[in-house]
Structure formats: structure tokens, C-alpha cells
Amino acid sequence: MSDKLLEIKNLTINYTTEDGVVNAVNGIDFDLKEGETLGLVGETGAGKTTTALGIMRLVPNPPGKVISGEILFEGKDLLKESEDDMRAIRGNFVSMIFQDPMTSLNPVMTVGEQIAEVIELHQNVTKSEAWEKAKEMLELVGIPGPRVVDYPHQFSGGMKQRVIIAISLACNPKLLIADEPTTALDVTIQAQVLDLMNELKEKFKTAMVMITHDLGVVAQVCDKVAIMYAGEIVESGNLVDIYENTSHPYTHGLFGSIPNLDEDIERLNPIKGLMPDPTNLPTGCKFHPRCPHAQALCKEKAPVTTTLNSGHRVKCLAYEGLIKAPALTGNKEVG
Amino acid sequence: MSMAASVKVEDKQVETNRESKKRSQWAEIWRRLKKNKMAMFGLAIISIIVLSAVFADFIADYDTVVIKQNLGDRLQGPSAKYWLGTDEFGRDIFARMVHGARVSLKVGILAVGIAVVIGGSLGSIAGYYGGKLDNIIMRIMDVFLAVPSILLAIAIVSALGPSLTNLMLAISISSVPSYARIVRSSVLSIKDQEFIEAAKAIGASDKRIILRHIIPNSLAPVIVQGTLGVAGAILSTAGLSFIGMGIQPPAPEWGSMLSGGRQYLRYAWHVTTFPGLAIMITILALNLLGDGLRDALDPRLKQ
């Protein structure tokens, strides 16, 4: 019996659409211990949200389907649980925060009712006890208790996101999945919300999967990082591994595209090309069309995961000894 | 710590906000409605009609004034004794109209109420689950829509006999499909919104999501259509009673009063005209109210 809270093994999720089969998530593995925070980083379309929905078993079923893999939460495979059991788990042991706070709250219910709803669903308490608990949660996220009777449209974006955090933590879940929780907020509010999440995470010992495309956020909040590209995890490890010993050319490209405040440059440094079409992924290594170090073999052979040192894994033929290792220059320090 | 400071700032803003009353969505909608003079006029008229229907027995006793024939006083014009005159049987038209309001409103509200509940349930199930269930339900609705409502009403009343209940049933059945469509359309647009996904993410069951999250958000078009539907139901009741398929005499009903006075139109026009005016004013008031509600409930018109 492992000490891991969450273990994802070889998860593959597809969407079957009229335009073809979308390979959203292609055989990813990662794990999380209690209280740990994993940053799931990648561009739009990398498969991060699909992974999150997969863990909650909320992948919309007509087009989407989990093709293979295991999602072990406290040892139980969530993919094999019944829908009734999953409903008991959602909101209670595993919670999710969505991207846009503006639309995540029901406009015709007060915020108190929405927080109380999750409490009533999972805990055996009376309506008034749930209401009291809702008030407490609101205070916990920094909103005055009396505002529990207000409607979502009476709150600003940052405060709405705090309400959503209150809802997600109301039943003290073991795992919180946050899908780009601060993307829709401006930077000052982003800082406040991240501080709040850190504080509550420490207090409740909640493990967290933080989905983001912002490496700054990752540095502030996460213990481990997994970089996703075209549905695969191309590099994963702890903060030092990723930020100082960057190994995968894609990760290196991501860091390289962040503008440097100290230098005066004329053009930004993006990774050339675009995210591949998920219905028509490249052969071999999926990053090869955009990789500055790509060689002939990269088009033919798909890399497997190589472990560089304890915890630091990467998917690149260079580390399998099959091609010459790329010369990657140093990165920013972990802030 | 930065968070404590930001909470203090927000506290001050909250204090000033507390001075205005709790602003629920309904309070906001009522405020918008109040600004619309025509809609308030309609609401006032409807209130008067409802009140007179409720207190009809106090205004005029049913047995002695409304039904009892008084042939000596027949076809008199408006006077101090008979405010709107008498009909062909000597009965007080004003009293009959007040009691007739009861019938019209009862049929209107109950028929629409039943249609909203049945149509709404069918529509929300069809919209939420989609697929084959959606197809089956909506095709059955299409069959009912294909039959002209008056013919359907006549068919039902001929088969089951003319009575208040059968009238309500007939009008209900012909209105169910439009409410099913309206609710289905609302449900389709709401179920893809993020707060529904969030509700699923906290472990809410389908039933809970439909009842507590989707339906409260789909009420606006139903309210508007319902108000106009009551107007339509009143008109249908009058129409059916006019041709003798609705409320049977001697019970007072605006449509049958209209029909009864036809032959005296040339010299006792008041027998037909006043009930006709009652129908017209009620429908107008309901339409004004319905239009006003439509504007007040439209989230895009933020004033």
C-alpha cells in the first residue's frame, strides 16, 4: 500500500468528433502525496483540463471517453467506481475549481446557499448548521460573514473566486484540482488569491493539482511540476529539477519565451510553430516539428520516459542515448 | 499580511453597500418593471379584476342576483339600479360580469399552470438528457402542435362533455407543447454553462441540478409566455363558450354573455358590448404586463 494520495497510471482520454478522434490525453503518469502541490503546466490545448476532468470523472461522455489507464485515489481506482460513489467523492474528497469565476456561480442563488449546498450534500447536518458553516467558510476566505446573503453579481471577480474556493474547501477535501484559478483575474488579485490558497492549503493539509500556463504561479505555489505537451507529460520533477536543471527542449523553450526584465530586447522569443492538431498528431516525438534540436530519428521513434534522477523524468530521445544530447543553456533561478 | 489589509478595504466598501437594501434578482426585476408605465397600468387593471373576482360574492350574491331571472326588468340600459343594464333574462350584467371574471381567471390561471408544470417537466427532461428521449418527447409535442388548438379543444369538449374541468383540460393540453419547447430551449442553453459543471463537480445529482440550478434560471421566458398564455386561455374560454362548447348557462361567462346578446345587438347593444369590453380590457392588460415582464426580465437591458 503506497503512501500516495493520487496515482495516475497511463491515462489516455479521447474525444470522438465528426472531424476525427481527438487524442487529448495520451498515456500520462504522475502521482501526488498528501499535502503536496503539483503544477500541471502547458499551453492551451495540451490536455490539462481534460486530465482534471478525467480525475473527477466529468469528461463529457458522448464525445469523450477514457480509453485506458488507472486513477488511484487512496488506492481505489476512480475509473471503476459507480456514479453514485463518484458523486459522494466529488466535492467531498476531491474538489475542483474552474477557470472563470464570472460564470462558475449560479446567478440566482445566494453565495451562502451555494456554499451550504455542498455541505448539505455530503455532511449529515441540519440546514441551519450548514448555513453557519457557510458563514464560517466565507470568513475564512476573507469575506465578511454578513455577505452570506448576497448574490454573485454583487461581488467582484476576485471575491467570486474566493467564494468558489470556499465552496471547494467546505468539506475539507483531500485533493483540490484548481484549473487556472487566477487566469481570469488581474495580477494584484491573483497575488491575493494565491496567498489565500497557500494559507488554506497549509491549514487543511490539502493536496493540490494546480493547472496553469504561468511558470511564475508554479514557482510560488507548487512543490512538483509536470510539463504537458500534446497530451503527454514531457518532463516532470520538483522545482529545482525543472527550473534549474531543465532537460526537455520544450520546457527550455517555455522558459526562454518569458521576457527578461533586465534585458532590453526588441522581439520576444516564442517557440516556433503551433500546438499540433490533436486529430492528427505528429509521428515519433510529438514535439519534433517545433524542436530546435530535432533530428531524423525524432520523426520516427516516440521517446519513452527516462528517469534522470530520483523524481526527475523526461521524455526525449537525447536522454535515451539515441541522439546527441541538446546543449541547453541555464535558466532563471527558482524565485 | 497583505490579505488582512485587502479585507479591511473591502469591509469599508461592504459597509456602504449595506445601506442599500438586499438586492435579490426579483427585487431588481420588480424595480425595472415599475419603471414601465404601461406594464404597471396593465398590472393595476389585472389586480382590480382579480380582486373583484375574489370578492365577487360580496359584490353580488350568486343565486339571487346572477342567475335568477327577472323578466320584468329585461334588456334595460345602464341605470342607477343596474350599473351596466340587464340582459335578456333581466339579470344584472355588472354582477354577472364580476362572477364571470371568476370563471375566466380560474380557467386561465389553472389551465396555464397545469400546462407549465407538465410542459416544463417534459421540456426540462428532453433538454437535459437529450438523445433519444429528447427526440421522442419533442416529436409527441409536435403532433399536438400540428392540431389547431381550437379544433383540439372542441374535440375534447365534444368527447368529454362541456364543463369547467374539461374546458381547462382542453386548453391545457393544447398549450403544453409550447411550454415544453420554451423550457427545453432554456435548458439547452443553461446546461452548458460553467456553474452547472461546477454543480456536478460538487457531487449534485441530476435531479438536484435540474430542480435547483437549471429551472430557477429558466423561469424568465416561461413567466412571459405564461402571462400571455393566460390571456390566450381567457380568449379561448370565451370563444368556446360563445359557440356553446364551454361554460353552460345559466353560469355567467363573458363569452356566453357575448353570444347571448347577439340577437339584441340593434336595440340593446349593452348586453353584448360590456362583456366584450371586459374581454378586451383583460387581454390588453395581460399583454401589457407580459410585454413589460419580457423587458424587465431581459438580462441584456441593464439600466
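These numbers were taken from a predicted model, which means no experiment stands behind them. Just so we're on the same page: letters track the sequence lines, and every chain starts at 1.
By the 4.5 Å heavy-atom criterion applied to side chains, A:R87 and B:S205 are counted as neighbours.
If you tally non-hydrogen atom pairs under 4.5 Å between each of A:L105, A:T103, A:I89 and chain B, the highest count goes to A:T103. If you tally non-hydrogen atom pairs under 4.5 Å between each of B:R208, B:R212, B:K200 and chain A, the highest count goes to B:R208.
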Which donor-acceptor pairs under 3.5 Å do side chains of residues 94-101 of chain A form with protein atoms, sequence neighbours excluded?
from	atom 1	to	atom 2	distance (Å)
A:S95	OG	A:S168	O	2.7
A:D100	OD1	A:M102	N	3.1

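Residues of residues 115-128 of chain A that come closer than 4.5 Å to chain B, counting heavy atoms only, are A:E117, A:V118, A:E120, A:L121, A:H122, ordered by residue number. Residues of residues 180-198 of chain B that come within less than 4.5 angstrom of chain A, heavy atom to heavy atom, are B:E194, B:F195, B:E197, B:A198 in numerical order. Contact annotation for residues 101-132 of chain B against chain A (heavy-atom separation below 4.5 Å): no residues qualify.
For a residue to count as touching a neighbouring chain, one of its non-hydrogen atoms must lie under 4.5 Å from one of that chain's; by this rule A:L53 touches chain B with the side chain only. For B:A199, no part lies under 4.5 angstrom from a heavy atom of chain A. Looking at A:I177, there are no atoms closer than 4.5 Å to chain B (heavy atoms on both sides), in backbone or side chain.
No more than 12 heavy atoms of other residues, nucleotides or ligands shown are found within 6.0 angstrom of CZ on B:F41.
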